[in-house]
Amino acid sequence: MPASAPSFNNPRPMSSRRQYPFDLIEPKWQRAWDAEQTFRAFNPGEVLPTGHPFAARHGSDALSATRVAGRQAPPKYYILDMFPYPSGAGLHVGHPEGYTATDILARYRRAKGFNVLHPMGWDSFGLPAEQYAVKTGQHPRKTTEENIRNFTRQIKSLGFSYDWTRELATTDPEYFRWTQWIFLQVYNSWFNPETNQAEPIATLKYPADCTTEAQRRAYRDSKRLAYVSEQPVWWCEELGTVLANEEVVDGKSEVGGFPVVRKPMRQWVLRITAFAERLLDDLDTIEWTDSLKEMQRNWIGRSEGAEVDFAIADCRLPIADSKIRVFTTRPDTLFGATYMVLSPEHKLVEHITTSEQSAAVQAYKTEVAKKSDLERTELAKEKSGVFTGAYAINPVNGEKIPIWIADYVLASYGTGAIMAVPAHDERDFEFAIKFHLPIRAVVQPPMEWLSKNGAHLEAEVKADGQKLTWTYSELITVALSDKTFVSQAYEVFSRQVAEFKTAFGESGFATNSANFEISLDGLPTAEAKAKITAWLEAKGLGKKTINYKLRDWLFSRQRYWGEPFPIIWRRDDATGQPYHEALPESALPLLPPALTDYKPTASGEPPLARAKDWVNLPDGAVREVNTMPQWAGSCWYYLRYLDAKNGSTFVSREAESYWMGTTGRESRVESRVTDSAAASTLDPRPSTPGVDLYVGGTEHAVLHLLYARFWHKILFDLGHVSTAEPFFKLVNQGLILGSDGQKMSKSRGNVVNPDDVLAEFGADAFRLYEMFMGPLQDTKPWNTQGVEGVYRFLGRVWRLFIEEKSETAFEQAQTTAAQPDADLLDHLILNGTISDVSATPAQLKVLHACIKKVTEDLDALRFNTAISAMMVFVNEANGWQTRPLSVMRPFLQLLAPFAPHLAEELWSRLHGAFGQRAGSLTYANWPTYDPALLVESEVEVPVSVNGKLRDVIRIATGADDAAHEAAARNAEKVKPLLEGKTIKKVIVKAGKMVNLVVG
RNA sequence: GCCGGUGUGGCGAAAUGGCAGACGCACGGGACUUAAAAUCCCGGGACCGUAAAAAGUCGUGCGGGUUCGAGUCCCGCCACCGGCACCA
């Protein structure tokens, strides 16, 4: 039996009778919601269908521009799930965790009066469908469509309140025509450093020496945000494609873990580095978790420092090339630079290498080239390198220092060359020790550091005119109390710096750092950096610089199942050079050609090259045969949802500014009565710019989220969208582990299939359990018995509302009669304990405490404790002889976001029994609580003596401190402890606790 | 190594600096039943007690500190999870 099939012959025999007929209720309401289009979200200006519950609540003119003055428009709330890749394996229990959380919040916001946008779609380009196509020849579209059907069925069975009219798939030509369109926007833009933003390529100014059209074109193409570059890229043989930096983890492909090699290739690249600063800065404007922001910051990797030029000694090169530029974050240690290192790939290496060293240098370069990057990082322990025979001049002291090459210096970062300061950089230190290069200390470490790292050393010191030999620890100990020994301690450090087993890389005070023009001595590191940088700039020897680890985004893939580039190639008549040209927008969508074989060509070209008719155009031009990466479609899908059916633009201006929250900012949740109770249940920030809440897994912390922010900023600069950031608040759901506490995987056999859980317990129980397991963000193990727990809870809810005797009748009818399912439910009648009587104060208190807790917890995304609050309510209500309608009704509203099917069913029965028309529970106004009802007349207050709890007193609410103290002194278990003692201090927090301090 | 997060019963977890363990699972006892399941009620951190209780002692990874009072705040460790890692 395939694992994904619902198990009818369940391993656990239907040991228990169903808690309630979820198998009838759930499909019933899913059909009703479908028929009513209950969750359809309306765009501004849209005519609301009469009878739609949203119109019933907010008025049919709710979103029209001509809305009657005085009536406030409902505020928008955009709540988004990361859309899934529809894999053949189907949904696993991890997917619905985030989806359930967002669905609960979407339903909660609807009840609170928001216009909620909650869409779902498919990230449907992707490798598995293509690999399947390579194997079987079946078109990937077919596999993809089958998988989408299965995913849709599974997701719909969970009762999520998506607006399915906005469903999209990245593989749909009507979708990817706009992906291609956005690519053209990127292609036709450049980054203007003066305005710090993307601008149309037409605003580009050409340098004077660009005279011919070919020159202008070359210049223009070198400035585009999408450009072609011949550069070393990660090639994965197994996947048959190149990968972006971000897709390579530990020298292997992120997908599949296949080996990758560095290979120079002509590729499309997007200029994300131009946006590094803004991608970094704007993190401060959005509400993401610290860890997520940190991950993005680390990936961008900003570091501030200086570029410094070192002249090459005795150089025979033309003057322009006779210097080596390095990047350093520690220009203050320039006086301690005792050698230089170039990366083996550095352009100058061959020019400066002396003939004596030439053979060694060549050999080393060959050796390094052979090493994969995996080896280069894995074998990081042992430093290697070769002397070039050449020397550079340290610009601050004129010293001749040797130039080496070593693979610990990366060609791709900074300038590909460093000044080595072994005393203050761990890597340089190791290298200097290994190759016996000089080490010079120019920063004084703190005493603690010296004592920790110099414990093994001996020091010769002068004390009382005598020479003595102390251990370094002794010297430091003396220096700490006697200032006259401090300078000796530093002197020994400077002299014996190589004896310390490590470099001192932190901040301290500069020393040994002076020439006849400038002295850094005595300055703290920060000031020393500023001073030397200013000096270098004044002398034209260097300048302040900022560097990023972020690389430009490698954007092309050698695959079939991706968006084709809307680009063609021509040859320049004059020069014979190939150049690229964008297709006109009217040519979109550009469909991939039909193929029978999806493999790359024999000559290693991408699969698209097989389609000769498609590639070769009548006028001699040829099409680009690379395709876009999977990230392209997911970079902007959240925008397409806003206006998914628009055939003339990717998203209309009105829809964009409404849903992204830049119009109608003044609109707030209708402010009700003035009392604080109502106010406290209003959201403090009704609408935010951008997606209000985005929920998904951490695996997209850098890739998708960085790329999407990048595209969004380009669209923002070009005036296509109205916010600088796409996702205002973002929450990562935690991983769900197997019941063995291990990551779920087929090989471990611990995968839980939602279909099975649904068959046994129903969608509501499944949803409830996923939320009850623990905090959304935490990693937590699955436990099927836990599902039973919440399932029993739903059964108790059911029995609160349904007459038990009628259940027997229902069951009999179910086994005997061949009635349609819907009619079967008619055997059930409302529990006789529910009546339209006024509630007791105790009942009201229980209800209002529940409203308060559930509301506050939903606002804070604490689903687990909200559920436990409802359990407390049900445990109480279970004991009631009569259950007032006015109490039971609001409870169903609280339950509705979590268990919508059950709540709708009971809601409609409750109203039916009292001859009322129910109306959709979805748009019923969220209940508010009255704090006055929560006040107790008497409270229990713990009493401690000397901080130890000894007794509990009952005392009237609002009693003063004196009354508390008196009651506490008289408490039965406290009295004996006070005998013969004096009370030194009394702490009273009225209504909270009393503490008596005795001596 | 660096950055971020997490450590609380048998388990998942709760606790604005103020009665640690709400709620749920598992477990034990009882009611109902011919019986079981389901349901309903009761119990429950550990230790020491006791016929049963009560009382008492100890308890939120470890060690210190602040405070009348610390799971919560501060300092120093340890372990686990996630990310980055020769980025000058």
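Per chain, numbering begins at 1; letters A, B, ... match sequence-line order. Bear in mind that the values here come from a model prediction, so they are computed numbers and not experimental data.
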Fill in: Distance between P atoms of B/rU50 and B/rG28 (Å, rounded)
26 Å
Using a cut-off of under 3.5 Å, enumerate the N/O to N/O pairs linking the protein to nucleotides 40-45 of chain B.
none

Worksheet item: Which nucleotide in the list B/rC68, B/rC23, B/rA88 gets nearest to the side chain of A/Lys985?
Response: B/rC68
Worksheet item: Rounded to whole angstroms, how far apart are CG on A/Leu996 and P on B/rG18?
Response: 19 Å
Discussion item. Measure NZ/A/Lys549 against P/B/rA85 and give the value in whole Å, please.
Written reply: 6 Å
Discussion item. At less than 3.5 Å, do the side-chain atoms of A/Lys383 and the base atoms of B/rC86 form a donor-acceptor pair?
Written reply: yes
Item to complete: Confirm from the modelled atom types if A/Asn298 and B/rC84 form a donor-acceptor pair under 3.5 Å, side chain to base only.
Response: no
Ignoring backbone atoms, test whether [X] places a side-chain nitrogen or oxygen under 4.0 Å from the OP1 or OP2 oxygen of [N].
| X | N | result |
| --- | --- | --- |
| A/Thr289 | B/rG4 | no |
| A/Asn864 | B/rA14 | yes |
| A/Arg862 | B/rC23 | no |
| A/Lys293 | B/rG83 | no |
| A/Lys973 | B/rA55 | yes |
| A/Tyr413 | B/rA88 | yes |
| A/Gln19 | B/rU39 | yes |
| A/Lys989 | B/rG18 | no |

Discussion item. Looking at A/Thr545 and A/Lys543, would you say the former's side chain and the latter's main chain have a donor-acceptor pair under 3.5 Å?
Written reply: yes
Worksheet item: Contact class for A/Arg950 vs. all strands (heavy atom < 4.0 Å): base, sugar-phosphate, or nothing?
Response: sugar-phosphate
Practice prompt. Tell me what A/Thr329 touches on the nucleic acid: a base, only sugar-phosphate, or nothing, going by heavy atoms under 4.0 Å.
Written response: sugar-phosphate
Worksheet item: Counting a pair only when it is Watson-Crick or G-U and both distances are under 3.5 Å, which runs of at least 3 such pairs involve RNA chain B?
Response: B:1-7 with B:78-84, B:10-12 with B:23-25, B:27-31 with B:39-43, B:45-47 with B:56-58, B:61-65 with B:73-77
